[in-house]
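Counting convention: from 1, in listed order, for ligands and their atoms alike. The analysis underlying the following values was restricted to heavy atoms, covering all of them including side chains, and did not include hydrogens, waters or symmetry mates.
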Amino acid sequence: MELQKQIITELKVEPKINAKEEVTSRIQFLKDYVKKSGAKGYVLGISGGQDSSLAGKLAQIAMNELREETGEKYTFVAVRLPYGVQKDEEDAQRALTFIGPDVSLTVDIKPAVDASVSAFMKATEKELSHFLKGNTKARERMKVQYDIAGAYQCLVIGTDHAAEAITGFFTKHGDGACDIVPLYGLNKRQGRELLKELGAEERIYLKVPTADLEDDKPLIPDETALGVTYEEIDDYLEGKEVSLESKEKIEKRYLQTMHKRNHPASIHDTWWK
Ligand SMILES: Nc1ncnc2c1ncn2[C@@H]1O[C@H](COP(=O)(O)OP(=O)(O)OC[C@H]2O[C@@H]([n+]3cccc(C(=O)O)c3)[C@H](O)[C@@H]2O)[C@@H](O)[C@H]1O
Ligand SMILES: Nc1ncnc2c1ncn2[C@@H]1O[C@H](COP(=O)(O)OP(=O)(O)OP(=O)(O)O)[C@@H](O)[C@H]1O
Ligand SMILES: [Mg+2]
């Protein structure tokens, strides 16, 4: 099968969606999964970006409905995880207002990240690059979310979706580590459609996507880091034709990041061959 078709099938992307139906079915999924698991709710880091605004809103609605339906105390915990002071804190606060979480926490990851980086440098006498320190930030955020999951008996939501999975644009065992992925199969513009359906204000769904991980490149847009636009990634995922240059960039990243979309290789696996 042609690689584009193979990727679309693997990442479960539909070229056209009904935003209302997607909202309903993904909320239902969050409700069914938490009930079946025996957990008491969900936790998610809220950055101010599009993906966590959407996943957080779906989770909060799911918890509201479950409380109504069961009379049990299901809870959504939103956690702000800034590295010191976040440049776009205002956007994060706007996202929290939109979500209206049951519980809102803030854990500054700076002391833990800085301690980890300085212990690494002391031991190795090597500098940890801004890029690698960025991945440490993402893994520290993962760790805090699992601390909360343990303490509040809840599950960790991940914001992975097709437009991110295709390029492997996430930190392995960082933001890539989670218990449930309610946005799976959506591309970036479909996620935006869901945010609109949920009544988010424009500033939330038009916010420029950024990983915001590197100290020397604050708020660098994902599209700059990737060298390809989300419009092109979304078109590719909807089976449309994109420029040859973008197609090659997307497919190269897809092939290089196979290991991020699979379980660690064992002697029984063949995906890496
Ligand atoms: N073939 C292979 N088989 C098995 N494992 C392999 C491997 N190649 C590398 N690895 C392992 O993977 C590691 C590299 O992966 P990883 O540590 O993830 O690091 P890497 O993929 O190099 O960097 C993460 C990228 O994701 C971006 N990101 C991160 C977090 C959030 C967002 C966002 O959009 O918000 C974006 C970040 O800006 C950066 O460009 C290697 O150190 C190695 O341990
Ligand atoms: N500063 C932060 N505070 C809390 N959580 C964060 C922070 N930065 C990243 N995260 C978590 O890591 C996830 C991955 O980041 P990512 O940038 O892909 O998503 P986003 O910021 O929600 O949306 P966008 O891709 O539009 O920027 C976020 O969805 C969020 O759960
Ligand atoms: Mg972001």
Side-chain angles (χ1 to χ4, degrees), residues 42-57 59 77-89 91-93 95-96 98-99 101 104-110 113 128-145 148 156-161 163-178 181-183 186-189 191-192 195 200 203-214 217-227 230 233 253 255-266 269 271-273:
Y42 289 110
V43 55
L44 174 63
I46 303 299
S47 62
Q50 293 180 30
D51 303 342
S52 47
S53 297
L54 173 56
K57 184 72 176 178
V77 181
V79 58
R80 292 278 307 111
L81 298 163
Y83 175 76
V85 177
Q86 193 173 310
K87 282 208 155 53
D88 54 353
E89 180 61 35
D91 292 332
Q93 292 306 320
L96 286 175
F98 168 60
I99 295 166
S104 187
L105 306 173
T106 300
V107 178
D108 181 2
I109 63 164
K110 192 169 192 298
V113 168
L128 197 67
S129 65
H130 290 301
F131 183 88
L132 292 177
K133 183 180 170 188
N135 283 330
T136 296
K137 292 181 192 172
R139 293 195 179 98
E140 182 58 32
R141 291 190 171 116
M142 177 277 293
K143 222 187 76 191
V144 174
Q145 289 176 85
I148 294 170
V156 177
I157 292 181
T159 56
D160 188 38
H161 52 76
E164 185 177 88
I166 188 173
T167 54
F169 201 62
F170 57 86
T171 297
K172 197 173 180 178
H173 311 305
D175 53 319
C178 59
V181 278
L183 309 185
L186 298 172
N187 66 17
K188 203 76 184 170
R189 66 168 72 106
R192 242 179 358 247
L195 275 169
R203 276 190 291 185
I204 294 181
Y205 62 78
L206 293 185
K207 179 163 167 68
V208 176
T210 174
D212 193 26
L213 289 173
E214 297 175 61
K217 296 176 197 148
L219 301 180
I220 180 182
D222 291 354
E223 295 181 332
T224 307
L226 286 165
Y230 276 113
I233 292 174
R253 281 192 184 263
L255 293 170
Q256 278 173 344
T257 54
M258 290 291 267
H259 66 98
K260 293 184 164 191
R261 292 178 299 270
N262 284 281
H263 288 300
S266 81
D269 291 310
W271 59 260
W272 54 275
K273 288 186 174 167

Polar side chain donor-acceptor pair, Arg261 to Thr257, under 3.5 angstrom: yes
Which of the numbered atoms in ligand 2 are under 4.0 angstrom from any heavy atom belonging to [X]?
| X | answer |
| --- | --- |
| Glu164 | 18 (O) |
| Leu44 | 31 (O) |
| Thr159 | 13 (C), 14 (C), 28 (C), 29 (O) |

Identity and separation of the nearest protein heavy atom to [atom]:
| atom | answer |
| --- | --- |
| atom 17 (O) of ligand 1 | Arg139 NH2, 2.7 Å |
| atom 30 (C) of ligand 2 | Gly45 O, 3.1 Å |
| atom 17 (O) of ligand 2 | Thr210 O, 3.1 Å |
| atom 19 (O) of ligand 1 | Asn135 ND2, 3.2 Å |
| atom 22 (O) of ligand 1 | Phe131 CE2, 3.5 Å |
| atom 5 (N) of ligand 1 | Lys172 NZ, 3.1 Å |
| atom 19 (O) of ligand 2 | Asp51 OD2, 3.7 Å |
| atom 3 (N) of ligand 1 | His259 CB, 3.3 Å |

Which one of Val79, Leu81, Leu96 satisfies the side-chain contact (heavy atoms from CB on, under 4.5 Å) criterion with Ile46?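 Of Val79, Leu81, Leu96, side-chain contact (heavy atoms from CB on, under 4.5 Å) with Ile46 is met by Leu96 alone.
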With a 4.5 Å cut-off on side-chain heavy atoms, are Leu183 and Gln50 touching?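 Gln50 vs Leu183: side chains apart.
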Are the side chains of Arg139 and Lys172 in contact, using a 4.5 Å heavy-atom criterion?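 Yes - at least one pair of side-chain heavy atoms lies under 4.5 Å apart.
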Taking N or O atoms only and a 3.5 Å limit, does Thr210 qualify as a polar contact for ligand 1? no
So, regarding Asp175 and ligand 1 (criterion: nitrogen or oxygen to nitrogen or oxygen, under 3.5 Å), is there a contact or not? no
Just to check, does Lys188 reach to within less than 4.0 Å of ligand 2 when the distance is taken from its heavy atoms? yes
Within-shell test, Leu213 vs ligand 2, heavy atom, strictly < 4.0 Å: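 The answer is no: ligand 2 sits nowhere under 4.0 Å from a heavy atom of Leu213.
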Record the part of Asp175 in heavy-atom contact with ligand 2 below 4.0 Å; permitted values are side chain, backbone, both and neither.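 The part of Asp175 near ligand 2 is the side chain, not the backbone.
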Between Gln86 and ligand 2, find which residue part has any heavy-atom pair under 4.0 Å and reply side chain, backbone, both or neither.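 Within the 4.0 Å criterion, Gln86 contacts ligand 2 through side-chain atoms alone.
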Any N or O on Val79 sitting closer than 3.5 Å to an N or O of ligand 2? no
Ligand 2 and Ser47, any nitrogen or oxygen pair closer than 3.5 angstrom?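 Yes, there is a polar N/O contact under 3.5 Å.
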Give a yes/no on ligand 1: does [X] have at least one heavy atom closer than 4.0 angstrom to it?
| X | result |
| --- | --- |
| Arg253 | no |
| Lys260 | yes |
| Trp272 | no |

Main-chain N/O of [Y] paired to [X] side chain as donor or acceptor, under 3.5 Å:
| X | Y | result |
| --- | --- | --- |
| Asp269 | Trp271 | no |
| Ser52 | Ser47 | yes |
| Asp91 | Gly49 | no |
| Lys57 | Phe98 | yes |

Protein non-hydrogen atom found under 4.0 Å from atom 42 (O) of ligand 1: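 So atom 42 (O) of ligand 1 lacks protein heavy-atom neighbours under 4.0 Å.
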Determine if the distance from atom 12 (O) of ligand 1 to the closest protein heavy atom is below 4.0 Å. yes
Rounded distance (nearest 0.5 Å) linking atom CG of Leu186 with atom NE2 of His161: 8.5 Å
Check each of Arg203, Lys207, Arg80 against Asp88 using the salt bridge (Lys or Arg N to Asp or Glu O under 4.0 Å) test, and report the only one that passes.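 It is Lys207; the other options fail the test.
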Considering all heavy atoms, the nearest Glu214-Phe131 contact: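 Where Glu214 meets Phe131 most closely, the heavy atoms are OE2-CD1, 3.9 Å.
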Closest approach of Leu44 and Gly56, non-hydrogen atoms and distance? CD2-N, 3.5 Å
Is Ser47 close enough to the Mg ion (ligand 3) that one of its N, O or S atoms comes in under 2.8 Å? no
